[in-house]
S.K.: 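Structure below; questions to follow.
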Amino acid sequence: MKQIKAELRKYIDKEKVNILQGFFKTGKGQYGEGDVFLGVSVPQVRKIAQDASGRLSFGELQQLINSKIHEERLVALLILVSRYQGGDELEKERIFKFYKTNTSRVNNWDLVDLSAPSIMGDYLLEKDRSLLYSLAVSENLWERRIAIISTFAFIRSGQFEDTLKISEILMGDEHDLIHKAVGWMLREVGKRDRKVLEEFLRENYSNLPRTTLRYAIERFGVEERKRWLLGL
């Protein structure tokens with residue numbers, strides 16, 4: 001773990017820090033308030049995670065995921081994803097339980113998006129999914145995002161029901177990051193079954209946040225997008 005921290009600090013880019021802290025909204029009252037960046041690029045973080053993947057205990061991973069440093073939490077999550085993908089069923093269960101216990105530390109949108117489908121979504125693919133419905137009504141923004149983004153694993157397997165149901169739960173959400181996440185997942189449904197997406201949009205048009213609709217129809221033709229946006 002000490003080596004990982006030292007490796008990350010070799011790639012500190014002070015010029016990127018202000019950019020990243022602005023991009024991930026770390027100011028007072030913003031969704032990423034208090035998050036601290038070193039300015040390390042994602043490819044560099046991935047390389048460090050790959051090199052260290054098999055060497056850390058769960059105790060050490062816990063220390064990393066508890067860190068106030070964004071890239072340290074990202075390293076922990078990327079290691080968990082790598083170990084999950086290469087693990088047997090017992091290892092996958094351990095990683096899923098670890099992830100479930102630490103959802104409050106998966107606390108920015110990139111951390112959610114890079115880990116939730118690969119761990120939580122994949123683990124629940126053939127299991128009871130009630131946990132996602134509990135997360136969808138959480139007061140924690142990131143747990144709500146985990147709920148919808150985890151369904152990406154289901155979408156990839158041609159299963160759309162939970163994505164649509166959780167999208168309905170989240171339609172009244174006030175946060176733009178949830179509007180975008182729901183729209184993204186609906187767009188992914190539409191890539192695989194256009195009729196399912198269009199039926200969902202027709203049934204829920206009046207309640208859909210504008211951002212969600214724009215994301216969902218992003219792959220439609222120009223004239224089609226205009227019609228949907230005008231409600232025609």
Side-chain angles (χ1 to χ4, degrees), residues 1 4 8 24 32 35 42-43 45-67 69-138 140-163 165-167 169-170 177-178 180-182 184-185 188-189 192:
M1 188 182 67
I4 287 173
L8 283 171
F24 286 96
D35 208 350
V42 172
V45 176
R46 284 189 183 278
K47 177 65 166 59
I48 292 168
Q50 181 181 1
D51 291 344
S53 180
R55 302 204 305 268
L56 269 67
S57 68
F58 278 93
E60 290 171 316
L61 286 168
Q62 186 67 62
Q63 290 182 60
L64 277 179
I65 208 166
N66 285 341
S67 173
I69 305 296
H70 187 96
E71 290 91 342
E72 292 182 2
R73 301 197 307 282
L74 179 56
V75 165
L77 290 166
L78 291 175
I79 288 173
L80 287 168
V81 168
S82 176
R83 284 169 56 167
Y84 180 93
Q85 291 172 339
D88 58 20
E89 288 305 308
L90 181 59
E91 178 75 349
K92 288 181 177 180
E93 182 179 9
R94 291 181 69 195
I95 290 169
F96 167 76
K97 288 180 177 178
F98 181 92
Y99 190 88
K100 182 174 68 169
T101 301
N102 285 284
T103 51
S104 64
R105 303 303 302 153
V106 188
N107 54 357
N108 217 315
W109 59 264
D110 63 322
L111 305 180
V112 173
D113 298 355
L114 290 170
S115 63
S118 299
I119 297 176
M120 186 164 285
D122 185 85
Y123 187 79
L124 297 177
L125 196 55
E126 303 300 333
K127 298 179 178 66
D128 177 75
R129 301 170 184 178
S130 58
L131 171 63
L132 297 184
Y133 291 83
S134 297
L135 293 176
V137 295
S138 170
N140 184 297
L141 164 65
W142 308 115
E143 291 187 336
R144 301 199 303 276
R145 188 168 175 108
I146 287 170
I148 186 64
I149 297 296
S150 291
T151 71
F152 203 174
F154 310 157
I155 295 169
R156 288 168 173 155
S157 294
Q159 302 175 36
F160 309 135
E161 183 178 359
D162 293 288
T163 301
K165 287 181 176 179
I166 292 173
S167 293
I169 291 171
L170 294 172
L177 283 177
I178 300 300
K180 292 176 180 178
V182 171
W184 173 21
M185 290 301 100
E188 292 299 327
V189 169
R192 293 154 177 85

S.K.: Determine whether N140 and T103 satisfy the following criterion, side chain to side chain contact (heavy atoms under 4.5 Å, CB included), listing intermediate values before the conclusion.
M.R.: CA-CA 9 Å; N140 184 297; T103 51; over 6 Å; no
S.K.: Say you draw a straight line from CZ of F58 to NZ of K97; how long is it, rounded to the nearest 0.5 Å?
M.R.: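 Between F58 CZ and K97 NZ, I get 11.0 Å after rounding to 0.5 Å.
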S.K.: Between Q85 and S118, what is the shortest heavy-atom contact and its length?
M.R.: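 Heavy-atom minimum between the residues: NE2-OG, 4.0 Å.
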S.K.: Decide yes or no for L114 and V81: does some side-chain heavy atom of the first lie under 4.5 Å from some side-chain heavy atom of the second?
M.R.: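 Side-chain contact under 4.5 Å: no.
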S.K.: Nearest heavy-atom pair of L77 and Y99: which atoms, and what distance?
M.R.: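 Smallest interatomic distance, heavy atoms only, reads CD2-CE1, 3.8 Å.
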S.K.: Using atom types as modelled and distance alone, determine if a side-chain donor or acceptor of R55 lies under 3.5 Å from a backbone N or O of D51.
M.R.: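 Answer holds: yes.
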S.K.: Got R46 and Q50 here, is their nearest side-chain heavy-atom distance under 4.5 Å?
M.R.: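 When only atoms from C-beta onward are counted, Q50 and R46 do not touch, as no gap falls below 4.5 Å.
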S.K.: Ignoring hydrogens and geometry beyond distance, is a side-chain donor-acceptor pair present between D128 and S130 at under 3.5 Å?
M.R.: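 Present: a donor and an acceptor within the cut-off.
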S.K.: Side-chain contact, heavy-atom cut-off 4.5 Å: D162 with L124?
M.R.: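 No, side chains not in contact.
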S.K.: Roughly how far, to the nearest 0.5 Å, is the CZ atom of F160 from the CZ atom of R192?
M.R.: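 Going from the CZ atom of R192 to the CZ atom of F160 covers 7.0 Å.
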S.K.: Please report the shortest heavy-atom distance between L64 and A76, naming the atom on each side.
M.R.: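 L64 and A76 have their closest heavy atoms at CB-CB, 3.8 Å.
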S.K.: Do E91 and R94 come within less than 4.5 Å of each other through their side chains, counting heavy atoms only?
M.R.: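 Yes. Closest side-chain heavy atoms under 4.5 Å.
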S.K.: Donor-acceptor pairs under 3.5 Å, side chain of residues 149-159 to any protein atom, not counting sequence neighbours: which ones?
M.R.:
residue, atom, partner, partner atom, Å
S150, OG, I146, O, 2.7
T151, OG1, I148, O, 2.6
T151, OG1, T163, OG1, 2.9
S157, OG, A153, O, 3.4
Q159, OE1, R129, NH1, 3.2
Q159, OE1, R129, NH2, 2.5

S.K.: Would a distance-only check, ignoring hydrogens and angles, find a side-chain to backbone donor-acceptor pair under 3.5 Å from R145 to I178?
M.R.: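 No, R145 side chain to I178 backbone: no donor-acceptor pair under 3.5 Å.
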S.K.: Side chain of R105, backbone of S67: donor and acceptor closer than 3.5 Å?
M.R.: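 Yes, R105 side chain to S67 backbone: donor-acceptor pair under 3.5 Å.
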S.K.: Let me know which of L80, N66, V75, N102 forms a side chain to side chain contact (heavy atoms under 4.5 Å, CB included) with L61.
M.R.: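 Exactly one option meets the side chain to side chain contact (heavy atoms under 4.5 Å, CB included) with L61, and it is L80.
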S.K.: About how many Å separate CE of M120 and CG of L135, when rounded to the nearest 0.5 Å?
M.R.: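 Going from CG on L135 over to CE on M120, the span is 5.5 Å.
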S.K.: Side chains of E60 and I4: does their closest heavy-atom pair fall under 4.5 Å?
M.R.: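 Not in contact.
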S.K.: Just how far is it from atom CG of L8 to atom NE2 of H70, taken to the nearest 0.5 Å?
M.R.: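 That separation rounds to 11.5 Å.
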S.K.: For a quick test of reading the model, state the closest non-hydrogen atom pair linking S104 to N107 and the distance between them.
M.R.: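 Here S104 and N107 meet closest at O-CB, 3.5 Å.
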S.K.: When you measure from the side chain of D88 to the backbone N and O of L90, does any donor-acceptor pair fall under 3.5 Å?
M.R.: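 It does hold such a pair.
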S.K.: How about W184 and D113: do any of their side-chain heavy atoms sit closer than 4.5 Å?
M.R.: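 They are in side-chain contact.
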S.K.: How many angstroms lie between CD1 in I169 and OH in Y133, if you round to the nearest 0.5 Å?
M.R.: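 If we round to the nearest 0.5 Å, I169:CD1 and Y133:OH are 6.0 Å apart.
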S.K.: Find out whether L131 and F96 are in side-chain contact, i.e. whether some heavy atom of one side chain is under 4.5 Å from a heavy atom of the other.
M.R.: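 L131 reaches F96 side chain to side chain.
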S.K.: For the residue pair A49 and I79, what are the closest heavy atoms and their distance?
M.R.: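 Closest approach of A49 to I79, heavy atoms only: O-CG1, 3.6 Å.
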S.K.: Is there a donor-acceptor pair closer than 3.5 Å between any side-chain N or O of Y84 and the backbone N or O of S115?
M.R.: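 Between the backbone of S115 and the side chain of Y84 there is no qualifying donor-acceptor contact (under 3.5 Å).
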S.K.: Report yes if some heavy atom in the side chain of R73 is under 4.5 Å from a heavy atom in the side chain of D35; otherwise report no.
M.R.: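 Contact flag for R73/D35 side chains = yes.
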